[in-house]
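In this text the structure is predicted, and so the values were computed from the model without any measurement. Atoms within each ligand, like the ligands themselves, are counted from 1 in listed order.
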Amino acid sequence: MSLEALNHRLEAARPSATYAIIDRVAVLRAEGRSIISLCAGEPDFDTPEHIRAAAIQAINSGHTRYTQVAGLRALREAIARKFQRENGLDVGWQDTLVGSGGKQVIFNALAATLNEGDEVVVPAPYWVSYPEMVQLCGGEPRIVVCGAGSGFKLTPQALSGAIGPKTRWLILNSPANPTGAVYSRAELEALAKVLLAHPQVLILADDIYEHLIFDGRDFLTLAQVEPQLAPRTLTMNGVSKAYAMTGWRIGFATGPRWLLDAMQKLQGQQTSGACSISQHAAIAALDGPRAFIAHSREVFQRRRDFMVALLNQAPGIRCELPAGAFYAFADCTGLIGKCSPGGRTLVDDEAVALALLDEADVAVVQGSAFGLPGYLRIAYALDDLSLRAACEAIGRFCHSVRQLP
Ligand code: PLP
């Protein structure tokens, strides 16, 4: 065996396409190019002051040691209050678990439950990490393409067709990355009806973008809409997107105790629990003032409105108004098969993204990275001025795209 032989599942995993673009942006910037990146998966705001202050106080008070593996009791109590208050879920602190980011919570749920060959239904377009995590944990992603016709959402018919004897999980993400799609009560009820007929299927509700939801829509999560599903639903959330705390690495979940116990067992041999200081900061976030959430929602909605309007003026691009998160998922098929201003053939969405980066100095991620080719994910977690400049650069690029000679 070679010294450098890797775990075969890791070898089969694809590196994150979003990180690949971010790395390329860093290289171009180091060469002196002024690139506007619309690839970010995080709010551009600073963590609110009262949350930072709570972390500093935690350090100065000596809260610098290992915590309980499942999280500080005070944080788990704050999480239980959050699930009761915001999601109508009847849970106690023992029904919660804290991890080092939502990403770890999802990974550990899959790692704790998947055996070789188990299937996980992943609606596409999907967050890039889902299929890779499933594969790393020994499972098989069962990708279900959900196109523009259904608003990029899973329909009951498609779900029903995807569930088979090997199905272990369904992953549902609302508001969604990369489309911003939000499931309504009726849509969740229709999916719940299918799931009730398949009692062997666990459900992961990834609610990380819960608070970034626009036009007065209500956020709803599956276990709230259909309480009969609560005993087999892991409702996952975190402080990253809602409180601009991506770097603090705190995610959490509620779900059946047997599953939380298994995840805790895994975490005990892995991280011994999340960062103590970040946990204190997360208590301040969850129990603190709500003004920041309302403010960031308002800012993102305003940016969404002007950005989508500008994008729709660019020939070859079509973009629906997303209902949540901070991503627009723009159809770029009108550019494919044509010639870029710099003379490249735009063979697919990846070629469009690369040409935009090299010729217009704007970084976006191709839809194929999220399992749906023909689109571009354009994040608007950026200040207004840069956002307008980026949209104008995209507009100029599109106006100069020509038919192939
Ligand atoms: N789920 C989705 C859909 C995401 O987009 C992200 C982050 O980009 C996460 C989960 C994980 O967030 P974190 O690990 O920062 O809590």
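Considering backbone and side-chain atoms alike, Tyr209 places an N or O below 3.5 Å from some N or O of ligand 1.
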Please evaluate residues Ile317 and Cys398 with respect to the criterion side-chain contact (heavy atoms from CB on, under 4.5 Å), reporting the C-alpha separation (whole Å), side-chain torsions for both, the decisive distance (0.1 Å), and the verdict. CA-CA 8 Å; Ile317 299 231; Cys398 291; 3.8 Å; yes
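With no hydrogens or angles considered, no side-chain donor-acceptor pair links Asp95 and Thr254 at under 3.5 Å. Under the 3.5 Å distance criterion, with hydrogens and angles disregarded, no donor-acceptor pair is assigned to the side chains of Gln366 and Asp348. Side chain to side chain, Asn177 and Tyr126 fail the donor-acceptor criterion of an N or O pair below 3.5 Å. Defined by atom type and a distance below 3.5 Å, a donor-acceptor pair is missing between the side-chain atoms of Glu350 and Ser368.
Of all protein heavy atoms, the one lying nearest to atom 9 (C) of ligand 1 is Trp127 CH2, 3.4 Å. Nearest protein heavy-atom contact of atom 1 (N) of ligand 1 is Asp206 OD2, 2.5 Å.
Judged by distance alone, with hydrogens and angles left aside, the side-chain atoms of Gln267 form a donor-acceptor pair with the main-chain N or O of Val98 at under 3.5 Å. Tyr183 contributes a side-chain N or O that, together with a main-chain N or O of Leu154, makes up a donor-acceptor pair within less than 3.5 Å. No donor-acceptor distance shorter than 3.5 angstrom exists from the side chain of Gln57 to the backbone of Ala53, with no hydrogens or angles considered.
In summary, the atoms of ligand 1 found under 4.0 Å from a heavy atom of Arg249, numbered by their order in the structure, are 13 (P), 14 (O), 15 (O). Near Gly101, the atoms of ligand 1 lying under 4.0 angstrom from a non-hydrogen atom of the residue are 14 (O), 16 (O). Within the listing of ligand 1, atoms 13 (P), 14 (O), 16 (O) sit less than 4.0 angstrom from a heavy atom of Gly102. Annotation for ligand 1: atoms under 4.0 Å from non-hydrogen atoms of Tyr130 are 3 (C). Those atoms of ligand 1 that come under 4.0 Å of a heavy atom in Asn177, given as number and element, are 3 (C), 5 (O). Below 4.0 Å from some heavy atom of Asn173 lie the following atoms of ligand 1, by number and element: 3 (C).
Heavy atoms of Lys241 found under 4.0 angstrom from ligand 1 belong exclusively to the side chain. For Trp248, no heavy-atom contact with ligand 1 is shorter than 4.0 Å. Contacts between Glu42 and ligand 1, counted as non-hydrogen atom pairs separated by less than 4.0 Å, are absent for every part of the residue.
The residues Arg297 and Asp215 are annotated as not salt-bridged, no charged nitrogen and carboxylate oxygen being separated by less than 4.0 angstrom.
In this structure, Arg388 is positioned above the aromatic face of Phe306, its NZ or CZ under 6.0 Å from the six-membered ring centre and within 45° of the axis.
Within the 4.0 Å heavy-atom shell around ligand 1 one does not find Tyr126. Between Ser240 and ligand 1 there is a heavy-atom distance shorter than 4.0 Å. Note on ligand 1: Ile208 sits in its first shell, one or more heavy atoms being nearer than 4.0 Å.
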